Structure formats: C-alpha cells, structure tokens
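Worksheet: the structure to be examined is printed underneath.
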Amino acid sequence: MFSVKELVESDRLTSLPSNYIFGNTESNRHCLLMEPEETVPIIDFSLLTSHDPHQRSKTITQLGNACLNWGFFMVINHGVAETLRDEMVRETESFFDLRGEEKKQYAGKKLFDPIRCGTSFNANVDKTLLWRDYLKIHVHPHFNAPAKPSGFSKVLQEYCEKTREMASELLRGISESLGLEERYINEKLGVESSESHQLFVANMYPPCPQPELAMGLPPHSDHGLLTILMQNGIQGLQVMHKGKWVLINPLPNSFLVNTGDHMEILTNGKYKSVLHRAVVNNKATRISIGTAHGPPLDTLVSPAKELVADDAGQAYLGITYRNYLELQQSKSLSGKSCLDRLRFSM
C-alpha cells in the first residue's frame, strides 16, 4: 500500500493490520500512554527582535533556559500571518488528497531527490510500519515544489522564506545565550548563506482504528539546528521532559520549535536535541508541517571550540551535514541512535 490514507479509504478498518502494531507486549503498549500536560516555555519573538536592550536581553535568557532545560519552546508574536499559515495547511491537505497516481511521481527513493512522498519513515527497513504519510521537499538552497495543487508552490515559497527568517533570528538569540557573538552560529555554519539547507516536511496521520497500538512517529530527535513546526489543531505531538512524555497543546497561531542534533553537536552537549514522538487518534486526521534548518550540506559540524571546556574535552566527532543525513535516513527511526554514534567515550 502506497499510503496509510489509501489503506484507510480502501476498506472499513475495524482493527489495526499486524504490520502496524508498534510492539505486541503489554509493557510496550503501556509506553504509549500519555502523561498529563505540562507548561512549556513560551518565547515572544517580538521581544527577541525588540530595539529595547532590556527586553531583548531578558528574552535571550528565557530562550537559553528553554534550550537548556527543554530543547523545546513555543514562539508567539512571530509576525507570520495567520492567513499564510492557514493557506499552507490547506494546500498541504490538498496535496495529500491528490489521486494516488498523481502523488506516485514523487515517490522518490533517493534521500536528496527534490520532492519525495511516501509512508512510514523508511519503509524498506522499518520492521513495523508507522501510521504516517509524508511529503518532503528540499526548498533551499534550490526551491522545489510539486506541480499540483496549483496554488501550492506560491504558498510554500512564501512560508519557507518566513520560517528561514525566523530561524535566523532565533539562532542569533541562541548564540548570545551561549555567551557567543550574535552572528556566531549563522556565520560559522553558513545558515544565512545562499547554500544553507532547509527541508519542508509535511506529515499526515489519518484516523487509526486502534491508536493505542500504532505510532505516528516513534521517539526520535531531529537532524539540523532547529525544527519549526505547526499543526492543524489536532493534538498528537509529545515531548520528553524529565523522563516523562508531555502532550503539547500549542497556543493559537504559535509555532513549536525544537533543537536538533546539530545544535547538540555544536554546543558540545550543552543544548541537547529533544526526544519527541507523534501519537495518533481514532477521530480526526492530524497534519503537522515542519521546516528543518541546517547548514550547507557539505559543512563540517563539530563542537564550537569556545564551548569545549579544557577539563571535559570534545564530546562529539565532527561530521558533514550531508553525511549525517545519509546516516540517519538509512535506518529505522530510533531515539538518538544516530547521534550516539558520534559521541566520544569519556
């Protein structure tokens, strides 16, 4: 089956097909239970970009604490029009609603194909399929977009430009929170250069007949420096915090931001990438839209020498962004297993 959406629409499912059961022991099923909601950090973007030094300094401190203690935060007052966000969700839904034949032209098998859509994570190696369809588009440095729906390309280009601008500003604040010069991360890793890498990832999680047995995305961390996410109003994102899963309930018109593996490498482990997962439900389709922001593909990412303490040493091997993506995407999604391979044993 090319997609979960087709599977759901092809038959009246009353039970979950066996190849989608995410673990078949009682202990594994218990792991899918959600913990109560907790308050997550909120960053006011308008204060981060304020000309008032006191307001900006206070917000940078809040941003640093969010990266240090959570690896995750909400962004409000970001300046991205709500109409643009709504249009991006509608166009994404329209893409997933295209006939299977129209989407199959984008069923690329290579990691760096400009546009890829498919199901699960890596269906060729996944032992258990994930209850998820996806669309992945490399949108920078070279912009790509599917020909259909007709309005998708224009909305996508504007949306990705806005999120790139947001990522650059957030990285400036994060640099300062680390005691570095404001433009350190952006300049050291070329994030604002014409060759920086941005990946658009849209996920669709259709209603599932037995959501307690399935998984949209298993616990994992993201590649890149930052991921900026929004969703269609249906809950499902959970973040690991202090050993517990926290269900995220975003504020209206907010963005969700998490630190990625390359932030952890760059900061020598001070700002760790956050484990998160997507759970599914049996009532409504959830759409999430993320943009992953990283350096140019052939940039070597290693711990910043300014953040390597003499007594602790370098905690991670350096690796090019391209090679890291190839390493992560060649296997099943599993926690921080990819990042773990780069750790120096102390």
Side-chain angles (χ1 to χ4, degrees), residues 1-11 13 80-124 126 129-167 196-208 216-217 224 227-234 236 253 255 278 280 284-294 297 325 329:
M1 188 64 64
F2 176 66
S3 71
V4 175
K5 186 173 185 292
E6 288 183 2
L7 175 65
V8 171
E9 294 175 349
S10 67
D11 194 10
L13 288 176
V80 180
E82 189 171 2
T83 52
L84 176 60
R85 289 163 49 97
D86 292 343
E87 286 175 353
M88 191 71 262
V89 171
R90 283 196 299 270
E91 292 295 334
T92 299
E93 290 173 336
S94 296
F95 176 85
F96 284 118
D97 284 339
L98 293 174
R99 298 191 312 273
E101 312 84 71
E102 295 177 291
K103 289 184 287 188
K104 280 181 181 176
Q105 66 178 298
Y106 303 117
K109 292 180 170 50
K110 296 181 180 178
L111 174 60
F112 296 108
D113 283 346
I115 305 171
R116 287 190 300 144
C117 68
T119 192
S120 196
F121 177 73
N122 187 344
N124 292 325
D126 291 339
L129 295 178
L130 304 173
W131 199 259
R132 168 233 193 189
D133 296 334
Y134 66 81
L135 169 65
K136 298 183 179 182
I137 308 174
H138 294 274
V139 290
H140 199 266
H142 306 293
F143 179 74
N144 300 283
K148 294 181 180 181
S150 59
F152 190 99
S153 178
K154 180 180 178 181
V155 173
L156 177 67
Q157 188 159 28
E158 183 179 359
Y159 179 81
C160 290
E161 287 173 357
K162 294 293 186 183
T163 53
R164 274 202 309 278
E165 292 170 3
M166 190 192 315
S196 66
H197 192 263
Q198 183 184 24
L199 180 68
F200 172 92
V201 181
N203 301 301
M204 166 177 269
Y205 307 99
C208 178
L217 280 172
T227 298
I228 298 176
L229 185 87
M230 69 170 178
Q231 56 188 32
N232 65 341
I234 305 299
N253 201 36
F255 281 101
V280 295
T285 294
R286 176 172 178 258
I287 298 282
S288 70
I289 296 172
T291 52
H293 300 265
L297 287 174
L325 285 171
Q329 303 291 312

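When reading the values below, keep in mind they use all heavy atoms of this one structure, side chains included, and skip hydrogens, waters and symmetry mates. What you see is a predicted model; the values in this text were computed from it and never measured.
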> Excluding sequence neighbours, so at least two apart, what forms salt bridge (charged side-chain N to carboxylate O under 4.0 Å, His left out) with Asp113?
Replying inline: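 Expected list: none.
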>> If the condition is salt bridge (charged side-chain N to carboxylate O under 4.0 Å, His left out), which residues does Glu101 pass it with, not counting sequence neighbours?
In response: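 Glu101 satisfies salt bridge (charged side-chain N to carboxylate O under 4.0 Å, His left out) with Arg99 once adjacent residues are dropped.
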> Do Thr227 and His293 get their side chains close enough for a donor-acceptor pair, meaning under 3.5 Å?
Replying inline: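 No, because no side-chain N or O of Thr227 sits under 3.5 Å from a partner of the opposite role on His293.
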> Passes side chain to side chain contact (heavy atoms under 4.5 Å, CB included), Cys160 versus Gln198? Steps please.
Replying inline: CA-CA 8 Å; Cys160 290; Gln198 183 184 24; 3.7 Å; yes
>> One pair to check against side chain to side chain contact (heavy atoms under 4.5 Å, CB included): Arg132 and Thr119. What are the steps and the verdict?
In response: CA-CA 6 Å; Arg132 168 233 193 189; Thr119 192; 5.9 Å; no
> Judged by atom type as modelled, is there a donor-acceptor pair below 3.5 Å linking the side chain of Asp133 to the main-chain atoms of Ser3?
Replying inline: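 Here the side-chain-to-backbone pair does not exist.
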What I'd like to find out is whether the side chain of [X] reaches to under 4.5 Å of the side chain of [Y], using heavy atoms alone.
| X | Y | answer |
| --- | --- | --- |
| Tyr134 | Arg116 | yes |
| Lys5 | Met204 | yes |
| Leu325 | Leu297 | yes |
| Leu7 | Trp131 | yes |
| Leu199 | Thr291 | no |
| Lys136 | Ile115 | no |
| Arg90 | Val155 | no |

What's the separation between atom [atom1] in [X] and atom [atom2] in [Y], rounded to the nearest 0.5 Å?
| X | Y | atom1 | atom2 | result |
| --- | --- | --- | --- | --- |
| Arg85 | Ile289 | CZ | CD1 | 9.0 Å |
| Thr92 | Asn232 | OG1 | CG | 10.0 Å |
| Asn203 | Ile287 | CG | CD1 | 8.5 Å |

>> Consider side chain to side chain contact (heavy atoms under 4.5 Å, CB included). Of Ile234, Val4, Thr285, Val280, which one does Pro207 pass it with?
In response: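 One option only clears the test, and that one is Thr285.
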> Shortest non-hydrogen contact from Ser288 to Leu229?
Replying inline: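 Minimum heavy-atom contact is CB-CD1, 4.0 Å.
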> What are the two closest non-hydrogen atoms of Phe96 and Ala202, and how far apart are they?
Replying inline: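 Shortest heavy-atom separation between Phe96 and Ala202 comes out as CZ-O, 3.7 Å.
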Atom pairs and distances, side-chain donor-acceptor, residues 142-154, under 3.5 Å, sequence neighbours left out:
residue : atom : partner : partner atom : Å
Asn144  : ND2  : His138  : O            : 2.7
Asn144  : ND2  : His142  : O            : 3.0
Lys148  : NZ   : Glu102  : OE2          : 2.8

> After noting the C-alpha distance and the side-chain angles of Thr163 and Phe200, does the key distance pass the side chain to side chain contact (heavy atoms under 4.5 Å, CB included) rule?
Replying inline: CA-CA 10 Å; Thr163 53; Phe200 172 92; over 6 Å; no
>> Using side chain to side chain contact (heavy atoms under 4.5 Å, CB included), reason through Phe95 and Tyr106 one step at a time and then give a plain yes or no.
In response: CA-CA 11 Å; Phe95 176 85; Tyr106 303 117; 4.1 Å; yes
> Excluding sequence neighbours, so at least two apart, what forms side-chain contact (heavy atoms from CB on, under 4.5 Å) with Glu165?
Replying inline: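 Applying side-chain contact (heavy atoms from CB on, under 4.5 Å) to Glu165 gives Lys162.
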> Who are the ring pair (Phe, Tyr, Trp, His ring centres under 6.0 Å) partners of Phe255, not counting sequence neighbours?
Replying inline: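 Phe255: ring pair (Phe, Tyr, Trp, His ring centres under 6.0 Å) contacts with His78.
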> Can you name the residues that form a side-chain hydrogen bond (donor to acceptor under 3.5 Å, both in side chains) with Gln231, not counting sequence neighbours?
Replying inline: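 Testing Gln231 for side-chain hydrogen bond (donor to acceptor under 3.5 Å, both in side chains), a comparison that skips the adjacent residues, returns Arg286.
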